[in-house]
Structure formats: structure tokens, C-alpha cells
Amino acid sequence: MTNIGFTALLKSKGYNKQRLGEVCGLSPTQMSNRINGASDWRWPEVSKVCEVLDITYDDFASFFPAGNVRPAQCKPIREERIDNFLAELRAILV
């Protein structure tokens, strides 16, 4: 099933599934499967998509449930740890 909201965001940022896949190092089929929910996202892919589209993890999560993102096999980088900490802090303060 096509994620219409995310597809609209891609178009508003000047991307399509194929171009975003190229930038993120995924084939067009892999990117399409991620966007349509046929395959789970991995954290490095999520981070790259957020960076490329200039959106936050919260913005990304509004299109994809957290249960559809598998953790990466490697440790998060410093920026990801800071982002995760800030997200947790934000949740506590809200």
C-alpha cells in the first residue's frame, strides 16, 4: 500500500522514490518496499532519509510507526545518541 503522505513529502522536497533510493544507497525496489511497508526500515536508512529530506525523526515517525524500524547492527553515532537523548527528554518534559 502506497504511503501517500510520505510520497507527497518526497515530491515537495524535489525527490521521488528512485532518486531518494540512489542518495540513500538503496535500489529503487528496496526504497519502494520501505516506503510501502513491505520491508522494515533500518536506523542508518532512517538517519540518511531524515538528513536528505531535512526532517526530524519525529517527522519521519509521523509517516512510519516505530515498530517498522529495525535497529542497526552497529552502535549509533554521537549525533544519533544526542538526538535520542533529546527526544527522550522532550517526551519527559511534554
ILVMFWY clustering at 4.5 Å (side-chain atoms), partners of Phe85: Ile82, Leu86, Leu89, Leu93
Salt bridge (charged side-chain N to carboxylate O under 4.0 Å, His left out) partners of residues 20-36, not counting sequence neighbours, each pair once: Arg34-Glu45
Salt bridge (charged side-chain N to carboxylate O under 4.0 Å, His left out) partners of residues 3-15, not counting sequence neighbours, each pair once: none
Atom of Ile35, atom of Phe64 and distance for their closest heavy-atom approach: O-CE2, 3.6 Å
Nearest heavy atoms of Pro28 and Gln18, plus distance in Å: CG-CG, 3.9 Å
Salt bridge (charged side-chain N to carboxylate O under 4.0 Å, His left out) involving Asp58 - partner list, sequence neighbours excluded: Arg90
Flag side-chain contact, heavy atom, 4.5 Å: Leu10 against Leu53: yes
ring-ring contact (aromatic ring centres under 6.0 Å, His included): pairs with one or both residues in residues 17-36, sequence neighbours excluded: none
For Tyr15, all residues meeting ring pair (Phe, Tyr, Trp, His ring centres under 6.0 Å), sequence neighbours excluded: none
Any residue meeting side-chain contact (heavy atoms from CB on, under 4.5 Å) with Phe63, in chain and number order, not counting sequence neighbours: Asn3, Phe6, Leu9
Pairwise side-chain contact, Glu80 with Ser47, heavy-atom cut-off 4.5 Å (strictly under): yes
Non-neighbouring partners of Ser62 that pass side-chain hydrogen bond (donor to acceptor under 3.5 Å, both in side chains), sequence neighbours left out: none
Arg81 CZ to Asp83 CG distance, which is reported to the nearest 0.5 Å: 11.0 Å
Partner residues of Asp59 under the side-chain hydrogen bond (donor to acceptor under 3.5 Å, both in side chains) criterion, sequence neighbours left out: Thr56
Listed partners of Ser32 passing side-chain hydrogen bond (donor to acceptor under 3.5 Å, both in side chains), at least two apart: Asn36
Which atom of Lys48 lies closest to which atom of Cys24, heavy atoms considered: CG-SG, 3.6 Å
Pairwise distance OG1(Thr7) to NZ(Lys17) - rounded to 0.5 angstrom: 4.5 Å
